[in-house]
Amino acid sequence: MSNYKAQIETVATRILEDWGMMMVEPSENSKNIFASDDQYIVTSVTFKGAMNGSYSILCQQPFVECLVDNLLGGGDNVEEEDKEDALREMANVLCGNLLTECYGDDTVFELGHPQLRAVKDGEVDIFFSDRALCFLADDEPVSISFSLESMNGNH
Amino acid sequence: MAFNFLVVDDSRIVRKSIRKTLAMTDIPLGELLEAENGKDALEVLRNAWVDLVFLDINMPVMNGMEFMEALRADAELKDTPVIVVSTEGSAERIEILESMDIKAYLRKPITPEDLAQSVTSIIGEFGREQLQSTN
């Protein structure tokens, strides 16, 4: 994982700034950056190809609302479906771009459809391990976990 | 002359943002149609005149590659102009799409400026072709 942290940061920063129109800053890898009374949301996308693996994003509601507001330019009647969809699309774009950044344009990957779920406090520890990267986007905490499968287990 | 567009993407937010971007350009807009997958998109095209299609690749039911094959095989629809808008980035896939005569390939995330510029240059091409056909 540590081999990919730089690429994860580069890609996430570029995309959240250019596409999400958010200001991205690095942050400590700690649950403390998240609001303890807000539910966690995880969006995951799996991929297959030269390598198999998954890309997951942990965030909370205020981040989602900020993202959707930026994507739709504010003022629109934003529905719940839009928020979920924004997270799925973000996961899709981040994962796709990261794979290109890591493996180049000549490598083909098949991305699964991003899945969204609410998670409990105890399930999020992986997002604060050395296999994850935390940052702030418009002051809202986000954590990304990226894992690859190999014959001997995860990377 | 107003132009009709079809946005084919399983992401509602992408469809909304492309519609929004098109509305901000100077292009005279006719109908802005949407479809969630390739199968629905073919149905739309069989029932409505569309000047330009925006197409995602990674979609359920019928993906973008399957849609392009079906589109180019259809006698009525085969000349429909298509811009691909996708996260897909492999050179191999882009080459296949280009061999299917797409007008442009835009890699997500796309900015409104990229989209507007691409559409404007293609619409401009339509205008020139029309002018040539009437002369």
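As a basis for the values below, the full set of heavy atoms in this structure was taken, side chains included, without hydrogen atoms, waters or symmetry mates. Here is the naming used below: chain letters follow the sequence lines, and residue numbers restart at 1 for every chain.
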Discussion item. Just to be sure I understand the criterion: a residue of residues 14-28 of chain A counts if one of its heavy atoms is under 4.5 Å from a heavy atom of chain B. Which ones qualify?
Written reply: A/Ile15, A/Trp19
Response to the item:
In short, A/Gly96 meets B/Thr87 closest at the heavy-atom pair CA-CG2, 3.4 Å
Worksheet item: Are A/Leu116 and A/Met90 co-members of a hydrophobic cluster defined by side-chain heavy atoms under 4.5 Å apart?
Response: yes
Item to complete: Compare all side-chain heavy atoms of B/Ser11 with those of A/Asn92 and state whether any distance is below 4.5 angstrom.
Response: no
Worksheet item: For B/Pro112, is it the side chain, the backbone, both or neither that has a heavy atom under 4.5 Å from a heavy atom of chain A?
Response: neither
Practice prompt. Inspect the surroundings of NZ in A/Lys83 and state if more than 12 heavy atoms from other residues, nucleotides or ligands are less than 6.0 Å away.
Written response: yes
Discussion item. Just to verify, what does A/Ser129 make a side chain to side chain contact (heavy atoms under 4.5 Å, CB included) with, not counting sequence neighbours?
Written reply: A/Ile126, A/Arg131
Worksheet item: Among the clusters formed by ILVMFWY side chains lying less than 4.5 Å apart, do A/Ile33 and A/Val64 turn up in the same one?
Response: no
Worksheet item: Is a side-chain N or O of B/Lys16 found less than 3.5 angstrom from the main chain of A/Leu72, in a donor-acceptor match?
Response: no
Worksheet, complete the sentence: When the 4.5 angstrom heavy-atom criterion is applied to B/Arg12 and chain A, the contacting part is both
Discussion item. Assigning hydrophobic clusters by single linkage (Ile, Leu, Val, Met, Phe, Trp, Tyr; side-chain heavy-atom cutoff under 4.5 Å), is B/Met62 placed with B/Ile96?
Written reply: yes
Discussion item. Per the ring-ring contact (aromatic ring centres under 6.0 Å, His included) rule, what does the pair list look like for residues 94-124 of chain A, sequence neighbours excluded?
Written reply: A/Phe47-A/Phe109, A/Tyr103-A/Phe109
Discussion item. Heavy-atom pairs under 4.5 Å with chain B - which of A/Leu94, A/Asp105, A/Leu99, A/Val68 has more of them than the others?
Written reply: A/Asp105
Worksheet item: Does A/Gln61 CD have over 12 foreign heavy atoms under 6.0 Å away?
Response: yes
Practice prompt. Indicate yes or no: does A/Glu89 engage B/Arg15 in a salt bridge with an N to O separation below 4.0 Å.
Written response: no
Discussion item. Is any side-chain heavy atom of B/Arg107 closer than 4.5 Å to one of A/Thr100?
Written reply: yes
Item to complete: Treating Ile, Leu, Val, Met, Phe, Trp and Tyr as nodes and any side-chain heavy-atom pair under 4.5 angstrom as an edge, say whether B/Val7 and B/Val61 lie in one connected cluster.
Response: no
Item to complete: Please list, chain by chain and in numerical order, all residues satisfying ring-ring contact (aromatic ring centres under 6.0 Å, His included) with A/Phe34, sequence neighbours excluded.
Response: A/Tyr40, A/Phe128
Item to complete: Please report the closest heavy-atom contact between B/Ile13 and A/Ala86, naming both atoms and the distance.
Response: CD1-CB, 3.8 Å
Discussion item. Under 4.5 Å between side-chain heavy atoms, counting indirect links through other Ile/Leu/Val/Met/Phe/Trp/Tyr residues: same cluster for B/Met24 and B/Ile18 or not?
Written reply: no
Discussion item. Shorter than 4.5 Å, heavy atoms on both sides: which option in A/Leu71, A/Leu111, A/Thr107, A/Asn97 has the most such pairs with chain B?
Written reply: A/Asn97
Discussion item. So for atom CG, which belongs to B/Asp26, do other residues, nucleotides or ligands contribute more than 12 heavy atoms lying within a distance under 6.0 Å?
Written reply: no
